[in-house]
Amino acid sequence: MPPAAEQLNAYEQDAALRERAARVLPGGMYGHQSAARLPEGFPQFFARGEGSHIWDVDGNEYIDYMCSYGPIVLGHRHPTVERAVAAQSAEGDCFNAPTERIVELAELMTCLIGHGDWAWFAKNGSDATRFALQLARAHTGRNTALRGERAYHGWGSTWMGGALGMTPSDTDFQLTYTYNDLATVRVAADEAGDDLAAIVVSAVEYDENGKWTAPDQAFVQGVRDVCDATGAVLVLDDVRAGFRLDLGGSWASYGVEPDVSAYCKAIANGYPLAAVVARREFEDAAGQFFATGSYWFSGVAMAASIATITTLQETDGVAQIRRAGTLLREGLDAQAQSHGVAIQQSGPVQVPSLRFLEDDPANLQLPRAMTFTSEAAKRGVYLHPTHNWFLSTAHSDEDIERTLAVTDVAFAQVKDAFGSD
Ligand SMILES: Cc1ncc(COP(=O)(O)O)c(C=O)c1O
């Protein structure tokens with residue numbers, strides 16, 4: 001178990017590895033998993049995971065509220081998934097063509113997801129969103145896509161034109177709208193005119209300041225109607241929330257089906273896999289352009305995915321995650337109130353976000369979030385100061401109780417450092 005609330009972790013092995021890494025990895029570590037962006041108390045290197053717990057290279061144990069930034073939906077090394085992985089590994093993983101797992105998995109996903117008549121697989125969420133956009137363009141013979149002004153759909157030139165090392169023209173055929181503001185969708189759709197290929201929508205919007213916005217029914221129905229009226233393809237980016245909110249797709253509860261959905265993160269409990277599912281009418285276009293990857297068809301991740309999705313189905317995993325998330329949210333709210341520290345929690349409880357100031361476009365709350373998560377990490381609870389968190393079916397009542405013992409101390413530290421709001 002993680003140390004009791006008053007004990008603090010030590011990080012000698014981590015420091016030594018960081019020194020070695022500084023010589024051989026860009027910046028010592030690159031990308032969003034670089035601990036350089038995180039406050040004191042966050043290790044850079046991990047050694048192992050089991051259920052809802054992870055251990056860093058110094059042997060410090062943490063209750064894991066990032067779940068590897070989403071993929072771990074059943075807990076680390078879930079026995080059913082590991083058995084499926086071992087069985088597939090014993091036969092082989094990577095061949096000249098896929099194993100029969102690809103058919104089984106496509107059958108499973110298309111059974112669950114209303115608009116899914118066929119499925120396509122790759123490795124990262126960015127592969128899936130990129131394929132979905134290309135599919136929409138190939139199908140319609142048009143170019144322009146609408147996207148949320150704050151939406152993240154992946155790295156690479158498809159979505160990040162103008163970023164360092166990319167040409168601005170990469171995203172020339174994209175117009176933006178404001179999430180949940182149908183009028184802005186209609187304006188952008190009018191501007192695109194008869195070149196409108198796709199409206200790309202995040203299942204839930206997460207902005208750069210860490211605030212979630214759930215789509216309202218009118219927005220969801222409205223983007224569907226605009227697509228129906230214009231012949232544009234409705235692409236749902238369900239990479240971040242998919243299979244945590246609803247196994248039928250994160251918009252299933254709205255009664256509105258997109259045309260194409262992109263998945264990744266939670267579909268294979270940590271094994272590398274992404275998927276696109278779509279309606280039958282897009283199948284021809286999918287076969288007409290080139291898209292491939294060296295490991296896209298390997299069997300182990302697909303076996304892991306079948307085991308993951310089946311386990312979520314058989315155990316009502318979404319309800320389990322929701323229950324743990326609700327306990328955490330309620331506990332944090334009560335605790336913050338008792339400390340006199342203002343917080344704002346947003347998003348579905350399965351992928352929660354906690355901020356310290358309301359109406360804070362300049363993100364002035366960041367130092368509070370840094371203090372809070374640093375104090376928690378040092379005491380064995382791995383939260384994140386700027387990214388939303390992820391829960392899994394492995395988070396137990398005991399985990400939440402222990403977490404709250406630690407966050408009680410962390411809230412007290414925030415209050416000491418910044419006072420009450
Ligand atoms: C909504 C959304 N779309 C796409 C992506 C890209 O996925 P990946 O990092 O696996 O390429 C992410 C990653 O966080 C995401 O949250």
Side-chain angles (χ1 to χ4, degrees), residues 29-34 37 65-73 120-136 145-161 163 166 170-171 174 176-177 179-180 198-215 220 223 234-246 249-251 258 260-277 291-296 298 301-302 304-305 308 346-348 350-353 384 386-391:
M29 172 58 195
Y30 49 88
H32 70 291
Q33 293 189 353
S34 170
R37 301 164 174 208
Y65 288 98
M66 288 308 290
C67 294
S68 316
Y69 289 76
I72 302 298
V73 69
W120 171 98
F121 300 101
K123 286 293 162 200
N124 289 290
S126 305
D127 297 336
T129 55
R130 175 182 177 163
F131 177 84
L133 178 55
Q134 194 169 350
L135 180 71
L146 311 191
R147 62 187 285 187
E149 62 196 348
R150 296 186 292 211
Y152 179 70
H153 295 302
W155 87 289
S157 55
T158 304
W159 303 111
M160 304 191 75
M166 293 179 195
D170 284 334
T171 44
Q174 292 180 13
T176 57
Y177 61 84
Y179 203 78
N180 262 351
I199 304 183
V200 184
V201 191
S202 309
V204 191
E205 188 200 52
Y206 186 71
D207 72 27
E208 65 282 7
N209 285 335
K211 185 163 182 278
W212 281 107
T213 305
V220 170
V223 290
L234 180 51
V235 174
L236 189 71
D237 180 351
D238 213 356
V239 167
R240 193 174 300 216
F243 283 84
R244 269 194 170 78
L245 306 196
D246 195 314
S250 295
W251 278 11
V260 178
S261 286
Y263 289 96
C264 184
K265 294 199 183 286
I267 65 173
N269 205 45
Y271 289 88
L273 195 70
V276 167
V277 300
T292 193
S294 296
Y295 301 102
W296 280 8
S298 53
M302 293 183 187
S305 183
T308 301
S346 68
Q350 299 95 314
V351 286
S353 172
H384 197 289
T386 56
H387 199 286
N388 73 276
W389 311 334
F390 295 89
L391 277 87

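Atoms within each ligand, like the ligands themselves, are counted from 1 in listed order.
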Check: Taking only residues two or more places apart in sequence or in another chain, which ones pass side chain to side chain donor-acceptor pair (under 3.5 Å) with Ser298?
Finding: Lys123

Checklist line | By side chain to side chain donor-acceptor pair (under 3.5 Å) - contacts of Gln134 (at least two apart) | finding: none

Margin query: Keeping Lys265 on the side-chain end and Gly242 on the backbone end, is there a donor-acceptor pair under 3.5 Å?
Written below: no

Notebook entry, point to check: Just by distance, do the side chain of Trp212 and the backbone of Asn388 share a donor-acceptor pair under 3.5 Å?
Noted result: no

Margin query: Strictly under 4.0 angstrom, heavy-atom based: which residues surround ligand 1?
Written below: Asn124, Gly125, Ser126, Tyr152, His153, Gly154, Asp237, Val239, Arg240, Cys264, Lys265

Next item on the list: Ignoring hydrogens and angles, state whether a donor on the side chain of Ser250 or Asp238 is under 3.5 Å from an acceptor on the partner side chain.
Entry: yes

Item checked: ring-ring contact (aromatic ring centres under 6.0 Å, His included) partners of Tyr179, counting only residues at least two apart -> Phe219

